[in-house]
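Inspection log for the structure reproduced underneath, given as structure tokens.
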Amino acid sequence: MAFVTANWNPLGEAFYRKIELYEMGWNLRDGLRDCLVAAAPYGGPIALLKEPQRRSPSARPQLEIYSSSGVSMASFAWKSGPVKQLGWTVSDDLLCVQEDGTVLIYDLFGGFKRHFSMGNEVLQNHVMEAKVFHSPYGTGVAIITGAFRFTLATNIDDLKLRRLPEIPGLQGAPSCWAVLTQDRQSKVLLANGVDLFILDNTACTPVTPPGLSPQANSIVHMTVSFSYKYLALFTDSGHVWMGPTNLKDKLSEVETKVRTPPRQMVWCRRPKSQQPSVVIMWDRHLLVAGECKDTIQAGLSTVAVSVLDPMFGYHLDDESVLVPELDGVRIISGTHHELLQEVPAACEEIFKIASMAPGALLLEAHKEYEKESQKADEYLREIKEQSLLGEAVRQCVEAAGYEHEPETQKSLLRAASFGKCFLSNFPPEQFVSMCRDLRVLNAVREYTVGIPLTHSQYKQMTVQVLIDRLVYRKLYPLAIEICRYLKTPEYQGVSRVLKHWACCKVQQKEEADEVIARAVSVKLGEAAGISYSEIAAGAYECGRTELAIKLLEFEPRSGEQVPLLLKMKRSQLALSKAIESGDTDLVYTVVTYLKNEMNRGDFFMTLRNQPVALSLYRQFCKYQEQDTLKDLFNQDDDHQELGNFYVRASYQEGKLEARLSLLQSAVDEYNKAKNEFAAKATEEEMRLLRFQRRVEEEKGERVLGYSLQDTMHCLLAAGLHKQAEQLYKDFRVPDKRYWWLKLSALAEKEDWDELEKFAKSKKSPIGYLPFVEVCVKHHNKYEAKKYVSKVNPEQKVKAHLAVGELEGAAEAAIERRSEPEISLVLSRCSPATDSAILDRLNRARATATKK
């Protein structure tokens, strides 16, 4: 704690500090010399390609991947072409850009994933220089060829190559260039001497940085900030120009007094900071240039920084690489890994010498309290008199998040906790959240894990991405512990980690299928949100079909089991699972697959062993494949269904002879099935069809295809009574049905004379009330009254009421002495017009009630 400010260096109104993250665990004999180096942002892994220009087959370059603490993760001999650039994707995959324009992608452990080409032109002209960049769309690659043309891929996961326009007057390679992201579009900014150009999809636009030193004859180096908002240019006169990437303003220009082009130049800017600064590195010293026109020159040794000759600065002890970050710059050498950043305001307020900020006083008060000194009370009184105790607590909590040393974090959090005791309504959320965040950060900063995230990077990255990175590194126990500690929902946390673990487990070919299946089942148990089918799919892709089948036994959803079983050519098992599920759509899916994959005979035999599938397939064929349905019935000797099939088919035939032929086939099949009723009914249908054809030919009445009842009705309506009588006799139509049909047909035709003759022909089997009702229905009460007298006594009241004869209805009801009928007639009477009838009916009802 006493030496917190020992490594602070002032620059303008801000301070900068260099924090040692790790003493590197790798054993590099020559350090980073003759190495192509790429380090992923957010404390990501480091890739080294040793001696990339070595082309001898007997001594190939070595590609090595390390964590940020120097722990080896992968190492293998590079057997492909010369590499021009290494870079990392947003998901921590390694990109290797070769001289021929091929980009190879490897995972974190050196496993080859895929490759793509940057185009034929690149293949012909080769890659002069390449850059890997990150945009809102993902990870991109930009290259310049030997013909001085740029090709750009904004997102390697959705590859669309863009060849940018030519640069006018460009005779050689540009002195420097960088990729910008503006308005959700990736562009190239390049320098040709002192001239700047912006290349987009359609044009090459010259631009001029405002206020650039007139001494500059050439721009020799440029860099874009981590957020792509700011640009820095280094000129041959030793000036550093800083401004926004839209080149509409200038933030600062600093003279470094060093004209040699730097090896590296990166931005060092904390979010929300008002202090722009650039870190510039030459072979033997490091320089930080800021807005105040001052510079800090520092060596990369682990000793504290002191000011030497600003023209030369410190001699560096080792080859180093600068890695820009969201809130600083990581400095990687052969022996150490350090972080250079602007000191956050909260830390500056608390730890600055002679600071009287509320946080500083609270930290002192807590120190005195631990010493049991009364000075603690004096410091507290001073803070409370200014009503700044809440601000003091917030400063201490915020500062704790920016500190890397656990002891410093604890001191600040204890001071904050001490201050909270004297506040009655201070919200605890910030304090609790910071404690959780720091516990997670300290866990992932451990040497064995090697992810040196700052609190700002952690918040920008989000917990979910951190968990993904731990899972990608196969640090499953740590990922699970963090999920449980942060109480992440199971399906987003522990279950997701376990699923990745299981997918990795099934790739271990040295273990038996039974052992792996049991281990996965025990580990995953009933964890929410885990699909065993996805794990089984991973096993199948690794060539372990039997393991995949065993894993699918644990999958509760048949809809997830069946597609994978079909993919694995286990169609019989897939059909059984589909039937067990009770999902008809799933059964249809399997049956359709089997039909396409098997020959016809084997397919039918398979279905015969699965009655449910056979029934569903028959149902399908009934509407979609009639011929297949017939073949199924023939194979099973199912004469009854064959007869039904022929009957259904006959109704789809337009020609009568074809229809009769099919019906005859149906009769034959019904006879074989010993279904006499169906055979006789079909024969009668054939007889009816022949009769209908004869009627059409002789009388011109279209009745073909009608039912027996409809045919008779049409004949009666057309006045063809003789033919209707013939049908009545030939098909033994019941008398009541025939009388109803003729009564309805004659009434619809309004042939009242014929109706009267029909009524007198013989005694009606349906009575005469229907005659009354049909006439009334067709608005002819005159004809209806003719039949009232013939109606049976039980129905006379209804008949009289139907024709509107209240007097007759009353007499019939009184004569029958039926109380319900009397009440019915009463309900139809009006007191104003039918008073006499009402009196008679009331007296009759009274008499009927007494009896």
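Note that the numbering runs from 1 along the sequence shown for the chain. Note that these values count all heavy atoms, side chains included, but never hydrogens, waters or copies made by symmetry.
For Gln185, the side chain to side chain donor-acceptor pair (under 3.5 Å) test picks out no residue, with sequence neighbours left out. Applying the salt bridge (charged side-chain N to carboxylate O under 4.0 Å, His left out) criterion to Glu405, with sequence neighbours excluded, gives no partner residue. Looking at residues two or more places apart in sequence or on another chain, you find a side chain to side chain contact (heavy atoms under 4.5 Å, CB included) between Lys505 and Trp501, Gln508, Glu511, Ile516, Ala519, Val520.
Between Trp282 and His285, the two ring planes are parallel [angle under 30°; tilted spans 30° to 60°].
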Kindly list each side-chain donor-acceptor pair under 3.5 angstrom involving residues 438-446, sequence neighbours excluded, with atom names and distances?
residue	atom	partner	partner atom	Å
Asn442	OD1	Gln409	NE2	3.4
Asn442	ND2	Gln409	OE1	2.8
Asn442	ND2	Leu438	O	3.2
Arg445	NE	Leu453	O	2.8
Arg445	NH2	Leu453	O	2.8

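Ring centroids of Tyr230 and Trp267 are separated by less than 6.0 Å, placing the two rings close together. The ring of Tyr106 has its center closer than 6.0 angstrom to the ring center of Trp78. Note: Phe150 and Trp177 meet the aromatic proximity criterion, with ring centroids under 6.0 Å apart. Taking the six-membered ring for Trp, Phe112 and Phe76 have ring centres at least 6.0 Å apart.
Classification of Lys50 and Asp34 as a salt-bridged pair fails, no side-chain N sitting under 4.0 Å from a carboxylate O. The pair Lys131-Glu129 meets the salt-bridge criterion, with a side-chain N (NZ, NE, NH1 or NH2) lying under 4.0 Å from an Asp/Glu carboxylate O. Ion pairing between a basic and an acidic side chain is recognised when a charged N comes within 4.0 Å of a carboxylate O; Glu534 and Lys499 show such pairing. We find that Arg33 and Glu319 are not joined by a salt bridge, their nearest charged nitrogen and carboxylate oxygen being 4.0 Å or further apart. A salt bridge does not link Glu338 with Arg17: every distance from a Lys NZ or Arg NE/NH1/NH2 to an Asp or Glu carboxylate oxygen is 4.0 Å or more. Taking a cutoff of 4.0 Å between a charged side-chain nitrogen and a carboxylate oxygen, Glu342 and Arg269 do not qualify as a salt bridge.
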Does Asn155 form a side-chain contact (heavy atoms from CB on, under 4.5 Å) with Lys160? I'd like the steps, not just the answer. CA-CA 7 Å; Asn155 181 8; Lys160 293 176 182 176; over 6 Å; no
Intermediate values then yes/no, side-chain hydrogen bond (donor to acceptor under 3.5 Å, both in side chains), Ser237 and Thr235: CA-CA 5 Å; Ser237 62; Thr235 66; 2.8 Å; yes
Show your reasoning for whether ring-ring contact (aromatic ring centres under 6.0 Å, His included) applies to Trp8 and Tyr16. CA-CA 5 Å; Trp8 288 17; Tyr16 286 77; over 10 Å; no
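Sequence neighbours left out, the pairs with a member in residues 102-114 that pass salt bridge (Lys or Arg N to Asp or Glu O under 4.0 Å) are Asp93-Lys113, Arg114-Asp157. Pairs engaging residues 457-468 under the salt bridge (Lys or Arg N to Asp or Glu O under 4.0 Å) rule: Asp437-Lys459, Asp468-Arg496 [sequence neighbours left out].
Side chain to side chain, Ser67 and Ser69 meet the donor-acceptor criterion of an N or O pair below 3.5 Å.
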